[in-house]
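To keep things clear, I will list the structure first and then write my remarks on it.
A, B, ... follow the sequence lines: proteins, then strands. Residue 1 opens every chain.
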There are 2 protein chains.
Amino acid sequence: MVKMKDIAKVTGYSITTVSKAFNGYKDISDDAKKIILKTADDMGYIPKANARSLATKRSLMIGIIFDEALGFGIRHPFFGAVIEFFKEEVEKDGYDIIFISKNIGKSNVKTYLDHCRLRGVDGVFIACANFDNPEIQQLINSNIPSVTVESFDNKIHSVNSDDFHGLYMGVEYLARLGHTKIAHIAGDATALAGQERKRGYLAGLKNEGIEAVEDYLVGGNMFSFDSGYKAMKVLLGLDNPPTAITTSGDMMALGAIKCIRDAGYHIPRDFSILGYDNIDMLEYMALGITTIAQNVSQMGKKAANILVQNIKVPGMNKKEIILDTKLVIRESCRDLNQA
Amino acid sequence: MVKMKDIAKVTGYSITTVSKAFNGYKDISDDAKKIILKTADDMGYIPKANARSLATKRSLMIGIIFDEALGFGIRHPFFGAVIEFFKEEVEKDGYDIIFISKNIGKSNVKTYLDHCRLRGVDGVFIACANFDNPEIQQLINSNIPSVTVESFDNKIHSVNSDDFHGLYMGVEYLARLGHTKIAHIAGDATALAGQERKRGYLAGLKNEGIEAVEDYLVGGNMFSFDSGYKAMKVLLGLDNPPTAITTSGDMMALGAIKCIRDAGYHIPRDFSILGYDNIDMLEYMALGITTIAQNVSQMGKKAANILVQNIKVPGMNKKEIILDTKLVIRESCRDLNQA
DNA sequence: ATTATCACAGAAAACGCTTTCGTTAAAGAA
DNA sequence: TTCTTTAACGAAAGCGTTTTCTGTGATAAT
């Protein structure tokens with residue numbers, strides 16, 4: 001592999017000057033620069049990131065933390081998408097992403113922070129994690145710049161959706177369609193998103209003058225398909241079941257739909273369903289599912305921008321960005337007015 | 001950050017001996033080793049991968065190439081899953097994965113190979129790529145070990161599904177249900193998978209004594225939802241439309257289903273649909289879609305194993321692995337016998 | 001008692017790059 | 001002319017490891 005030394009030899013310049021040609025130093029003549037760059041190109045020179053990192057203490061790598069109970073990994077319908085947009089954005093600045101897991105190989109790397117240090121990442125994107133996890137705390141208390149989405153911790157930058165308003169908007173829509181018996185399948189109560197969406201649901205109800213029914217508020221553990229299925233099952237068992245069901249995530253909505261269908265009912269004839277997230281999958285379903293869309297691409301991009309910025313200017317103030325949500329109307333909610 | 005030098009100072013041993021303690025050298029006493037390891041642990045020592053790579057010329061990083069026209073990136077329903085399993089497997093050996101794209105930042109990195117060299121990856125997993133692409137050729141002709149799935153090139157290890165038999169089995173199943181008017185929405189004709197599945201379809205037909213109808217063989221560009229939708233549209237326009245439609249991918253099947261539904265028909269009453277791949281998404285659909293499952297986890301794992309092996313013993317013979325496919329029966333195919 | 005073997009340890013070079021600082025010659029100021 | 005500034009360049013140290021090779025004292029073999 002051709003290295004700077006080789007270019008130096010061919011051009012007659014020193015290694016120092018060669019290096020300067022690449023790194024925008026001013027104390028080098030235009031001539032020298034031109035010759036060196038040309039020669040480097042001809043010789044097919046590619047700098048070695050490792051060596052460079054060693055010298056500069058910058059790796060141009062960003063770690064991704066993906067600490068979710070569901071085990072989807074990269075395939076997670078929501079976070080997978082956020083990461084994709086995040087990745088595309090940081091690549092513009094020359095960063096590569098790397099997945100941070102504990103237990104890497106046989107080494108003595110045992111924690112997220114260890115792995116970050118091993119690879120010398122310049123920053124870390126905590127895409128999905130429980131902030132009660134001591135390992136996560138250890139990480140965000142370290143000197144490694146970090147950003148997260150869909151969660152909040154005052155030690156770290158975050159970008160979130162306006163989840164409160166999202167569900168608020170959702171029940172507003174349902175009420176407009178004539179629904180009064182509106183349920184909510186809540187997401188993880190320990191997650192910010194789960195809490196906010198539930199709050200939005202409750203506030204939406206109040207706003208419409210609808211009294212909250214205790215039985216209509218179910219779920220509350222995970223955001224999963226199964227959890228949605230189970231929650232729907234209890235809703236179905238009620239003496240006076242709801243006509244519309246809001247959810248804290250599309251996967252739960254999908255689970256609920258499956259449950260409804262298994263019970264022999266039809267959507268939206270018998271039950272109206274409102275999803276949350278607007279994951280890609282919905283595009284491909286035969287039955288169009290009405291949902292509250294998060295701005296996934298913005299979420300990924302903003303997170304990327306903030307992190308990169310923080311890497312460049314270390315002492316940056318904590319930023320918290322809130323993204324608008326949007327109601328995406330498809331076919332899963334019935335208009336009771338035109339019965 | 002604590003480095004070997006610090007451990008050396010504290011323990012009184014030399015840097016050399018400290019290094020030996022970590023790397024399984026034999027010319028070090030048990031005592032020394034124990035003391036060094038203990039001290040390292042106490043001091044929270046984590047080796048720096050960069051420095052190590054520089055010295056060893058191994059990076060413990062594997063590049064992932066994801067060169068697909070669809071633009072899904074990481075979110076690709078099929079390859080995303082393969083990559084996840086691949087990742088989990090290589091992590092056991094201490095490898096991290098990194099996504100290889102051209103045009104990385106402002107650097108003079110312009111090709112996949114450039115990016116690989118920049119990062120010094122030990123191997124590369126060509127998850128999805130067109131082997132006619134000169135950049136891909138450049139890469140597999142380099143000295144970097146590589147492996148691919150769902151494609152074939154005699155220069156590189158590959159793991160594939162028995163796609164031929166998959167579709168063969170599919171039409172066999174459909175014929176058993178009483179179907180004789182069986183169509184096929186073909187995948188990309190330039191892709192091995194697309195070709196093999198089509199071959200399997202044709203062979204299956206012949207095996208059942210069913211004459212192939214030219215009009216029943218449609219599609220042939222991409223594996224996408226849209227492509228499936230469009231292909232189904234022409235099938236629907238036929239004077240004598242098929243009763244069953246096999247596809248070269250679940251996304252196409254989903255597109256076809258949408259098309260059928262938009263046209264006011266019902267599945268499986270009016271048309272039977274057979275998917276291919278068994279992507280995760282199918283689990284969550286209200287209508288269970290019968291499909292030919294590829295063994296995604298095995299595909300990812302085998303690819304990982306082969307690549308890691310090849311990294312360790314460079315001159316390894318080219319391997320080609322063929323995985324079994326499996327018919328997964330759900331609800332989308334109608335049994336014509338019990339009409 | 002002498003030599004060969006062995007177990008253990010460390011010095012030093014190497015990996016490929018960046019960056020500080022010093023040097024030189026030419027140009028400008030006095 | 002002499003002094004100061006400036007532009008261009010290179011020497012060398014440093015980043016944190018690994019690895020080869022040499023050295024030493026103790027033990028075993030002769």
> Counting only non-hydrogen atoms, which of residues 114-124 of chain B are less than 4.0 Å from DNA chain C?
Replying inline: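 Result for residues 114-124 of chain B: none.
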>> Contact list please: residues 22-36 of chain A against DNA chain C, heavy atoms, distance less than 4.0 Å, in numerical order.
In response: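 Those residues are A:Asn23, A:Tyr25.
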How many Å lie between [atom1] on [X] and [atom2] on [N], as a whole number?
| X | N | atom1 | atom2 | answer |
| --- | --- | --- | --- | --- |
| B:Ile15 | D:dT19 | CD1 | C1' | 13 Å |
| B:Arg52 | C:dC17 | CZ | P | 21 Å |
| A:Leu60 | C:dT18 | CG | C1' | 14 Å |
| A:Met4 | D:dG14 | CE | P | 20 Å |
| A:Ile46 | C:dG16 | CD1 | C1' | 14 Å |
| B:Met1 | D:dT17 | CE | P | 11 Å |
| A:Leu54 | D:dG16 | CG | P | 7 Å |

> Base, sugar-phosphate, or nothing: which does B:Ser19 touch, judged by heavy atoms less than 4.0 Å apart?
Replying inline: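 Since a base atom lies under 4.0 Å of B:Ser19, the category is base.
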>> Please confirm whether the ring centroid of A:Phe79 lies under 6.0 Å from the ring centroid of A:Phe125.
In response: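 Not close enough - the centres of the two rings lie 6.0 Å or further apart.
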>> Using ring centroids (six-membered ring only for Trp), state whether B:Phe22 and B:Tyr45 fall under 6.0 Å.
In response: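 Centroid separation for B:Tyr45 and B:Phe22: below 6.0 Å.
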> Should the heavy atoms of other residues, nucleotides or ligands under 6.0 Å from NZ of B:Lys302 be counted, would the total exceed 12?
Replying inline: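 Open: at most 12 neighbouring heavy atoms sit under 6.0 Å from NZ of B:Lys302.
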> From B:Ile83 CD1 over to B:Phe99 CZ, what is the distance, rounded to the nearest 0.5 angstrom?
Replying inline: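 Output value for this atom pair is 5.5 Å.
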>> A:Ile98 vs B:Ile98, test: side chain to side chain contact (heavy atoms under 4.5 Å, CB included). Steps then yes/no.
In response: CA-CA 6 Å; A:Ile98 196 170; B:Ile98 197 168; 5.5 Å; no
Looking only at side-chain atoms of [X], point me to the closest of [options].
| X | options | result |
| --- | --- | --- |
| A:Thr17 | C:dC17, D:dT18, D:dG10 | D:dG10 |
| A:Thr16 | D:dG16, D:dA12, C:dC17 | D:dA12 |
| B:Lys20 | D:dT17, C:dC17, D:dT19 | D:dT19 |

> Is a side-chain donor or acceptor of B:Thr56 paired with a backbone partner of B:Arg52 at a separation under 3.5 angstrom?
Replying inline: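 Between the backbone of B:Arg52 and the side chain of B:Thr56 there is a qualifying donor-acceptor contact (under 3.5 Å).
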> Backbone N or O of A:Glu150 within a donor-acceptor pair of the A:Asn160 side chain at under 3.5 Å?
Replying inline: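 Yes, because the side chain of A:Asn160 sits within donor-acceptor range (under 3.5 Å) of the backbone of A:Glu150.
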Could you tell me whether the phosphate oxygens of [N], OP1 or OP2, come under 4.0 Å of any side-chain nitrogen or oxygen in [X]?
| X | N | result |
| --- | --- | --- |
| A:Lys57 | D:dG16 | yes |
| A:Tyr13 | D:dA11 | no |
| A:Arg58 | C:dT19 | yes |
| B:Lys48 | D:dG16 | no |

> A:Lys312 and A:Asp93: salt bridge (charged side-chain N to carboxylate O under 4.0 Å, His left out), yes or no, with the steps?
Replying inline: CA-CA 11 Å; A:Lys312 288 178 181 163; A:Asp93 286 283; 3.4 Å; yes
> Would B:Asp42 and B:Lys38 count as a salt bridge (charged side-chain N to carboxylate O under 4.0 Å, His left out) if you check the C-alpha gap in whole Å, the side-chain angles of each, and the deciding distance to 0.1 Å?
Replying inline: CA-CA 6 Å; B:Asp42 289 349; B:Lys38 170 89 167 61; 2.7 Å; yes
> Side chains of B:Gln137 and B:Asn133: does their closest heavy-atom pair fall under 4.5 Å?
Replying inline: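 When only atoms from C-beta onward are counted, B:Asn133 and B:Gln137 do not touch, as no gap falls below 4.5 Å.
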>> Both A:Lys3 and B:Ser14 contact DNA chain C. Which one's nearest nucleotide lies toward the 5' end?
In response: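 That would be B:Ser14.
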